[in-house]
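Contents: one structure, followed by commentary.
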Amino acid sequence: AYTCIKAISKKKESLIAKNRDLFLDGAVENGLDRKQAEAFWEMIIKFAGYGFNKSHSTAYALIAYQTAYLKAHYPVEFMAALLSGDIPGRNFTKKDALVEHIEDCERMKINVVPPDVNHCDVDFSVAGGEILFGLAAVKGCGGGASEAIVRERTARGPFKDLFDFCERVETSACNRTAIETLIKAGAFDAFGARRSQLSAVLDKALQSGAKKQADLKAGQKSLFGDLEDEPVAPGAKDASLPDIPEWEERERLGYEKEVLGYYLSSHPLAQYERQLSTFCSHTTGSVKGVKDREEVYLGGMVASIKHAHVKKVREPGAPTRYVMFDLEDMEGAIRCIQWPTEFAVSGSLIQADAILVLRGVLDRRGGDEANLVVNEVFQLADLEQKFTTGIRIVLDEGHQVGLREIHEVVRGYPGDRALHLVMRLADGRQVEVRSNRIRIDLQDELIERLRELLGHGNVHMIIERPKPSKETPQRTFQRRG
């Protein structure tokens, strides 16, 4: 009967007919006459129109209750299990479910400990109220590689250094590529060496490991084998590592994103967060609520650039080259396109890893996911000059420097920007005055002289945040022609 209901709910006519015959024959064999069996079948047909869906709703409700209970009372264990379930479907080219759940852990104030070959298991695990990163979730370390690492560590204890790791873990299970990704992920950081140093000696460590494993298979043992098990004095192994600097922060973070799917130790845009929040109207996360064809200012880092040419041009000699790329900020990424006319003006600024602010309009005509049609490109260095409307000078009542000294400085830089003076009175009140007669030119020299005179914290830029307009773009994200 269950098979019949399932077949009917999916409207599979041939399956329904086949099961009808089987059901009727079975019912007759079990004591029903043909007429009773057919009446019973008609009852099943009627029930199948809604019964199968209702049974699923009940099952889903039960599962929802169970998972809600586990998340409420065992949040760390629940999130660890959820993250482990995301490992098989990992996508390192864009933000996947595992990364979203790690962000959920952060919001829930659950610490996810970074990868470590001496502590982490194959899947995500729980220790001391924290979640230990699953080694299988590192790119290239799924299945056999992570299992071989945990198996060897469990059998013979923690690894001492990279050389010890390569000598003990079979390269047939954990190859060079897997070890490289573990270095990039910071899984060997506990050894106290820089990632650049570990990467530089990896070939040497693999050769040493291959030789020792070959000797073991051949039944040989080192003359000083017993001594090799003695504790190594601190710093004794460091002599084998080259004295080279650590990777540049952007390179190190790029490697983390490559092998983990997200930035682990920091974010390349963290140092620009204040500027981007000042000059951008939205983030990739907040544009979800913005309507189609509405203008926004978005800032971030350029990635995944692809150039192409339009097939048809509107006028002879008109530019044909355009660009598509991703703009990544601290909340995600958005696909962007800049058409030939705009690309001819500012397309040279769109370079890999460039930090830019874009003025453009959202295009949702391809579906729910928004894309950005870029009309103007700004470099961060140009934003303050473009959107700064003046200078605000703060002066305390009774300050040794008076208006005469300030006037002597600013009168040498005439221009078209505003000058505001804020007087902080002794009783805590503030009075702000805008000069109608004096207009200034925003030169670095002027700002530096004022800060030397008054102190860095008493000279501020007056920034007018970009105001998006609700203009309708003439071109959409879809390719024309």
Practice problem: Would you mind checking if K139 and E258 are paired as a salt bridge, meaning a charged N to carboxylate O distance below 4.0 Å? | Solution: no
Practice problem: Kindly determine whether F343 and H307 satisfy ring-ring contact (aromatic ring centres under 6.0 Å, His included), including the steps that lead there. | Solution: CA-CA 10 Å; F343 179 77; H307 294 95; 5.7 Å; yes
Practice problem: Working to the nearest 0.5 Å, report the span between CG of L241 and CG of L198. | Solution: 6.5 Å
Self-check item: Straight-line distance of L202 CG to F188 CZ, nearest 0.5 Å
Solution: 8.5 Å
Exercise. Could you check D104, V112, L70 and say which one makes a side chain to side chain contact (heavy atoms under 4.5 Å, CB included) with M79?
Key: D104
Quiz item: How about S304 and R335: do any of their side-chain heavy atoms sit closer than 4.5 Å?
Solution: yes
Self-check item: N-O pairing of R176 and D203 below 4.0 Å
Solution: yes
Quiz item: Yes or no on side chain to side chain contact (heavy atoms under 4.5 Å, CB included) for D353 and M301, after CA distance, side-chain angles and deciding distance?
Solution: CA-CA 5 Å; D353 297 331; M301 186 168 61; 4.2 Å; yes
Practice problem: Nearest 0.5 Å please: distance from the OH atom of Y263 over to the NZ atom of K257. | Solution: 4.0 Å
Quiz item: Can you tell me if E376 and S346 form a side-chain donor-acceptor pair at under 3.5 Å?
Solution: no
Quiz item: CZ of R107: more than 12 outside heavy atoms within 6.0 angstrom?
Solution: yes
Exercise. List the atom of I183, the atom of W247, and the distance in Å for their closest heavy-atom pair.
Key: CG2-CH2, 4.2 Å
Quiz item: What's the spacing between T181 OG1 and L260 CG if we round to 0.5 Å?
Solution: 9.0 Å
Quiz item: Under 3.5 Å, is there a donor-acceptor pair between the side chain of D116 and the main chain of N118?
Solution: yes
Quiz prompt | Donor-acceptor pair, side chain of T67 and main chain of I63, under 3.5 angstrom | solution = yes
Self-check item: Short side-chain donor-acceptor distance under 3.5 Å, T283 and E331
Solution: yes
Self-check item: Step-by-step side chain to side chain contact (heavy atoms under 4.5 Å, CB included) determination, L264 to Y262
Solution: CA-CA 6 Å; L264 176 65; Y262 68 103; 3.6 Å; yes
Quiz prompt | Contact check, side chains of Q66 and K71, non-hydrogen atoms, under 4.5 Å | solution = no
Quiz item: Is the NZ or CZ atom of R168 positioned over F165's six-membered ring, under 6.0 angstrom from the centre and within 45° of the axis?
Solution: no
Practice problem: From the options D123, V113, I102, select the one residue that forms a side chain to side chain contact (heavy atoms under 4.5 Å, CB included) with F133. | Solution: I102
Quiz item: Is there a donor-acceptor pair closer than 3.5 Å between any side-chain N or O of R153 and the backbone N or O of F159?
Solution: no
Quiz item: Do L383 and Q275 touch side chain to side chain, with heavy atoms closer than 4.5 Å?
Solution: no
Exercise. Mind checking the CG-CG spacing from L276 to D329? Nearest 0.5 Å is all I need.
Key: 8.0 Å
Quiz prompt | Minimum-distance pair of heavy atoms, taken over all atoms of I149 and C174 | solution = CD1-SG, 4.1 Å
Self-check item: Atom CD of E248: over 12 foreign heavy atoms under 6.0 Å
Solution: no
Exercise. Please work out which of the three classes, parallel, tilted or perpendicular, describes the rings of Y322 and W339, given edges at 30° and 60°.
Key: tilted
Quiz item: Under 3.5 Å, side chain of Q197 to main-chain N/O of R194, donor-acceptor pair present?
Solution: yes
Exercise. Take R392 and E432 through the test side chain to side chain contact (heavy atoms under 4.5 Å, CB included) and record every step on the way to the result.
Key: CA-CA 9 Å; R392 180 180 288 108; E432 183 168 347; 3.1 Å; yes
Exercise. Please say which of L135, L132, V126, V150 ends up in a side chain to side chain contact (heavy atoms under 4.5 Å, CB included) with D121.
Key: V150
Self-check item: Pairing of D363 and R293 as salt bridge, 4.0 angstrom limit
Solution: no
Quiz item: In this structure, are over 12 heavy atoms from other groups packed under 6.0 Å from E170 atom CD?
Solution: no
Practice problem: Using distance alone, with no hydrogens and no angle criterion, decide if S265 and R252 have a side-chain donor and acceptor under 3.5 Å apart. | Solution: yes
Exercise. List the steps, then state whether ring-ring contact (aromatic ring centres under 6.0 Å, His included) holds for F279 with Y297.
Key: CA-CA 7 Å; F279 295 107; Y297 283 80; 9.5 Å; no
Exercise. Look only at the side chain of S281 and the backbone of V296, and say whether a donor-acceptor pair between them is shorter than 3.5 Å.
Key: no
Quiz item: What closest approach, in Å, do I131 and C105 show between heavy atoms, and which atom pair accounts for it?
Solution: CD1-SG, 4.0 Å
Quiz item: Would you find a donor on one side and an acceptor on the other, under 3.5 Å apart, between the side chain of D96 and the backbone of V99?
Solution: yes
Self-check item: Close side-chain approach of Q213 to E167, heavy-atom, < 4.5 Å
Solution: no
Quiz prompt | Donor-acceptor contact below 3.5 Å, side chain N371 vs main chain C336 | solution = no
Quiz item: Donor-acceptor pair, N458 side chain versus L454 backbone, under 3.5 Å?
Solution: yes
Practice problem: May I ask you to decide whether E295 forms a salt bridge with R359, counting only side-chain N to carboxylate O separations under 4.0 Å? | Solution: yes
Quiz item: Does the distance from a Lys or Arg side-chain N to an Asp or Glu carboxylate O, for R156 and D164, drop under 4.0 Å?
Solution: no
Quiz item: Is the shortest side-chain N to carboxylate O distance from R195 to E256 below 4.0 Å?
Solution: yes
Quiz item: Are K211 and D215 ion-paired here, with the side-chain N under 4.0 Å from a carboxylate O?
Solution: yes
Quiz item: For G300, does its backbone N or O pair with a side-chain atom of E328 as donor and acceptor, under 3.5 Å?
Solution: no
Quiz prompt | Straight-line distance of L83 CG to F124 CZ, nearest 0.5 Å | solution = 4.5 Å
Self-check item: Nearest heavy-atom neighbours spanning A178 and A145
Solution: CB-CB, 4.3 Å
Practice problem: Report yes if the side chains of I393 and H420 come closer than 4.5 Å at any heavy-atom pair, otherwise no. | Solution: no
Self-check item: Identified side chain to side chain contact (heavy atoms under 4.5 Å, CB included) counterpart of H460 within the set V422, I447, V394, I391
Solution: V394
Practice problem: Return yes if some donor-acceptor pair links the side-chain N/O of D161 with the main-chain N/O of F163 below 3.5 Å, else return no. | Solution: yes
Self-check item: Nearest heavy atoms of I355 and R250, plus distance in Å
Solution: CD1-NH2, 3.6 Å
Quiz item: For H119, does the NE2 atom have more than 12 heavy-atom neighbours from other residues, nucleotides or ligands under 6.0 Å away?
Solution: no
Quiz item: Any side-chain heavy atom of V374 sitting closer than 4.5 Å to one from E342?
Solution: no
Quiz prompt | Flag side-chain contact, heavy atom, 4.5 Å: L349 against Q379 | solution = yes
Quiz item: With a 4.5 Å limit on heavy-atom distance, are the side chains of L206 and I179 in contact?
Solution: yes
Exercise. Compute the ring centroids of F378 and F387, then answer whether they are less than 6.0 Å apart.
Key: yes
Quiz item: How far apart are the closest heavy atoms of I350 and V302, and which atoms are they?
Solution: CG2-CG1, 3.9 Å
Self-check item: Over 12 non-hydrogen atoms of neighbours within 6.0 angstrom of CD in E130
Solution: yes
